[in-house]
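Note sheet for the following structure.
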Amino acid sequence: MHPDQLVLTVGTVSELVADQFPQWRDLAITPVTSHGTVNMLFRLGEQYVLRFPLEPGEPADKKAWLTAEADAARRLLGRVPVPTPEPVALGEPGHGYPVPWSVYRWLPGAIAGEPGIADSKDFACDLAAFVLAVRSIDTEGRTFNGGGRGGLLPSQDDAVDRYLAASHGMIDVAALTELWARLRQAPRESAKDVWTHGDLMPGNLLVRDGRLGGVIDVGGLAPADPALDLMPAWNLMGPAARATYRTAVSVEDSEWERGKGWAFAQAIGALAYYRVTNPVMSKTARRTLLALLADATISR
C-alpha cells in the first residue's frame, strides 16, 4: 500500500516475541487479515494482538507515536459503553524489523461490513452513544493540534484538489468538485473542540450479535471539530440509519454539513490512492462519496 512498506513474516514475529516476551513464546502466532493502512496485525494466542507499523521511520519517533497511541487507549478504557483497545506492552526493533511495535488485548468481533449493519438503527444508536461518551470526556483545555483532519475544512483544500485530479475516470469529479466547494464553507464559529476518535471507518467498528461490540484503532483520539466523528453516517450507514444517527447524536445543520465535509476529505484521499493496493478501502471511499452526492441531490 505504501512505497516503502515493511515486510514481516510469522517467523520473524515468533523470534521477536521469544526474545522480548519469553513468557509468551509458546503461544500460537496467526496473521490477521486486515484492510487497515497503518499496521500489520498478528494474533498471539487467544488474548493478544500484535501491531507492527507498516512504514519505516526513526525508531525513537515510532516509539513516541506508539506510546502516545497507548496513552490515548488508556484514556478511553472504562469511559465508553463498548470495549476499546487495552495496551499491554511495547516491543523493540529486532531480527531485521527496524521499528518498535505494540501488544494489545484482543477484542472479538467482526468488522462493520456484514449484511444489515448499514441499515441497523440499533447499531447507529450504539455508535452515537460511543461518540457522545467520547465527547463528554474533559479536554482539560486541550484543543486541535493543527495536524491532519479536525480543524477547519478549508485546510484540506490542497489535498482535496490533488486527489480530485487523481480520481478522473473513477467517479464524477465535476460533481464532487462542486460539492466540495459548498461543503468547505460550512460554518464553525461556535463549535468547541471535543475529544474525537477521528477515524471511525467501518474497519474500526466491531460487530457482535448485530450490535456495536467494540471500537478499535483509537490512537487518533484527540480534541477536534465534533463533526469529525459523524463520518460513519456516510462511510457506513444507509439513509434510515443515517437519520437515526443524526438524531441520537443531536446534530444541528452546520455540524451535519461539516460532517459531510470531513467524510468527503477522508474518502477522496483514499479513492485513488488505494485503488490497487487496498481495494476494500477504495470501495469504501467510493461508497462514501456516492452517498454524499446522493445527499446533495436530495437536499436541493
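Computed from heavy atoms alone, side chains included, the values below leave out hydrogens, waters and symmetry copies. Counting begins at 1 with the first residue of the sequence.
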| request: Kindly compute the distance separating OG1 (T30) from CG (L44), expressed to the nearest 0.5 Å. | output: 9.0 Å

| task | Hey, could you give me the CZ/CD distance between R258 and E252, rounded to the nearest 0.5 Å? | result | 6.5 Å

| message | Restricting to non-hydrogen atoms, name the atom on K62 and the atom on P56 that form the minimum distance, rounded to 0.1 Å. | response | CE-O, 3.6 Å

| Looking only at atom types and distance, does a side-chain atom of S14 sit under 3.5 Å from a main-chain N or O of V10, one as donor and one as acceptor? | no

| field | Salt bridge present between R188 and E255 (N-O < 4.0 angstrom) | value | no

| task | Test W180 against D157 for side chain to side chain donor-acceptor pair (under 3.5 Å), laying out the working first. | result | CA-CA 9 Å; W180 176 249; D157 281 343; 3.0 Å; yes

| query | Hydrophobic cluster mates of L41, side-chain heavy atoms under 4.5 angstrom, ILVMFWY only, any path? | reply | V32, V49, Y104, W106

| field | Side-chain touch T143/T139, heavy atoms, less than 4.5 angstrom | value | no

| A118 versus A241, closest heavy-atom pair with distance | O-CB, 3.4 Å

| said: Run the side chain to side chain contact (heavy atoms under 4.5 Å, CB included) test on Q185 and E257 for me, step by step, so that the C-alpha distance in whole Å, both residues' side-chain angles and the decisive distance to 0.1 Å come before the verdict. | reply: CA-CA 9 Å; Q185 300 180 58; E257 289 298 297; over 6 Å; no

| request: Using a strict 4.0 Å threshold on nitrogen-to-oxygen distance, state whether R25 and D19 make a salt bridge. | output: no

| Taking NZ, NE, NH1 and NH2 as the nitrogens, is one of them in E86 or R75 under 4.0 Å from a carboxylate oxygen of the other? | no

| Short question: side chain of R43, backbone of E46 - any donor-acceptor pair under 3.5 Å? | yes

| query | Is any side-chain heavy atom of T284 closer than 4.5 Å to a side-chain heavy atom of P202? | reply | yes

| query | Within a strict 4.5 Å, meaning less than it, do heavy atoms of the P93 and P100 side chains meet? | reply | yes

| message | Tell me whether R142 is salt-bridged to D193, with the criterion being a basic N under 4.0 Å from an acidic carboxylate O. | response | no

| Side-chain heavy atoms under 4.5 angstrom apart, residues restricted to Ile, Leu, Val, Met, Phe, Trp, Tyr: same cluster for F130 and I111? | no

| said: What I'd like to find out is whether the side chain of V251 reaches to under 4.5 Å of the side chain of L230, using heavy atoms alone. | reply: yes

| task | Using the rule that two of Ile, Leu, Val, Met, Phe, Trp, Tyr join whenever any of their side-chain heavy atoms come within less than 4.5 Å, decide whether L292 and L200 are in one cluster. | result | yes

| query | Residues two or more places apart in sequence or in another chain: which of them pass ring-ring contact (aromatic ring centres under 6.0 Å, His included) with W101? | reply | F21, F52

| message | Quick check on R208: does its CZ atom have over 12 non-hydrogen neighbours (other residues, nucleotides or ligands) under 6.0 Å away? | response | no

| task | Could you walk me through whether V207 and L212 pass side chain to side chain contact (heavy atoms under 4.5 Å, CB included), step by step? | result | CA-CA 5 Å; V207 181; L212 181 65; over 6 Å; no

| request: For the pair K121 and D126, find out whether any cationic side-chain nitrogen is under 4.0 Å from an anionic carboxylate oxygen. | output: no

| field | Nearest-0.5 Å distance, CE of residue M40 to CG of residue L50 | value | 11.0 Å

| said: Can you tell me if D4 has over 12 outside heavy atoms packed within less than 6.0 Å of its CG? | reply: yes

| Nearest non-hydrogen partners of V194 and P226, listed with the distance | CG2-CB, 3.6 Å

| request: Start with the C-alpha gap between Y48 and I29, add the side-chain angles, then the distance that decides, and say whether side chain to side chain contact (heavy atoms under 4.5 Å, CB included) holds. | output: CA-CA 10 Å; Y48 307 110; I29 296 172; over 6 Å; no

| query | Do P108 and L206 touch side chain to side chain, with heavy atoms closer than 4.5 Å? | reply | no

| said: Keeping T196 on the side-chain end and D229 on the backbone end, is there a donor-acceptor pair under 3.5 Å? | reply: no

| Close side-chain approach of T288 and M231, heavy atoms under 4.5 Å | no

| remark: All heavy atoms of A285 vs all of A270, minimum pair found to be CB-CB, 4.0 Å

| request: Determine whether more than 12 heavy atoms belonging to other residues, nucleotides or ligands lie under 6.0 Å from atom CG of L152. | output: no

| request: Report yes or no: do L107 and F123 belong to one cluster of Ile/Leu/Val/Met/Phe/Trp/Tyr joined by side chain heavy-atom distances under 4.5 Å? | output: no

| query | Would you say the side chain of R105 lies within less than 4.5 Å of the side chain of P85, judging by non-hydrogen atoms? | reply | no

| field | Short N-O contact, K63 and E58, less than 4.0 angstrom | value | no

| Pairing of D253 and R246 as salt bridge, 4.0 angstrom limit | yes

| message | Suppose we screen for salt bridge (Lys or Arg N to Asp or Glu O under 4.0 Å). Which residues come up paired with R275, at least two apart in sequence or across chains? | response | none

| query | Under 3.5 Å, is there a donor-acceptor pair between the side chain of H197 and the main chain of D217? | reply | yes

| Joint hydrophobic cluster, L76 plus L127, side-chain heavy atoms closer than 4.5 Å | yes

| Option among W234, Y245, W262 that satisfies the ring pair (Phe, Tyr, Trp, His ring centres under 6.0 Å) test with W256 | W234

| said: Quick check for you: to the nearest 0.5 Å, what is the distance between H95 atom NE2 and T9 atom OG1? | reply: 11.0 Å

| Given the rule that I, L, V, M, F, W and Y join up when any side-chain heavy atoms are under 4.5 Å apart, are Y274 and V280 in one cluster? | no

| message | Using side-chain heavy atoms (C-beta onward) and a distance below 4.5 Å, is V103 in contact with P87? | response | no

| For the student: nearest non-hydrogen atoms of A112 and I117, plus distance | CB-CG2, 4.3 Å

| Is D225 reaching over with its side chain to a backbone N or O of G150, donor-acceptor style, under 3.5 angstrom? | no

| said: I need the R149 CZ to D199 CG distance, nearest 0.5 Å. | reply: 6.0 Å

| message | Please find the pair of heavy atoms, one from C125 and one from T244, that lie closest to each other, and give the distance. | response | SG-CG2, 3.6 Å

| query | Can you check side chain to side chain contact (heavy atoms under 4.5 Å, CB included) on L271 and Y163, steps first, answer last? | reply | CA-CA 8 Å; L271 180 66; Y163 287 119; over 6 Å; no

| field | Donor-acceptor pair, side chain of S282 and main chain of P279, under 3.5 angstrom | value | no

| said: If we ignore hydrogens and angles and just use 3.5 Å, is the side chain of D209 paired with the main-chain N or O of R211 as donor and acceptor? | reply: no

| field | Value rounded to 0.5 Å, distance of CG in D119 from CZ in R242 | value | 10.0 Å

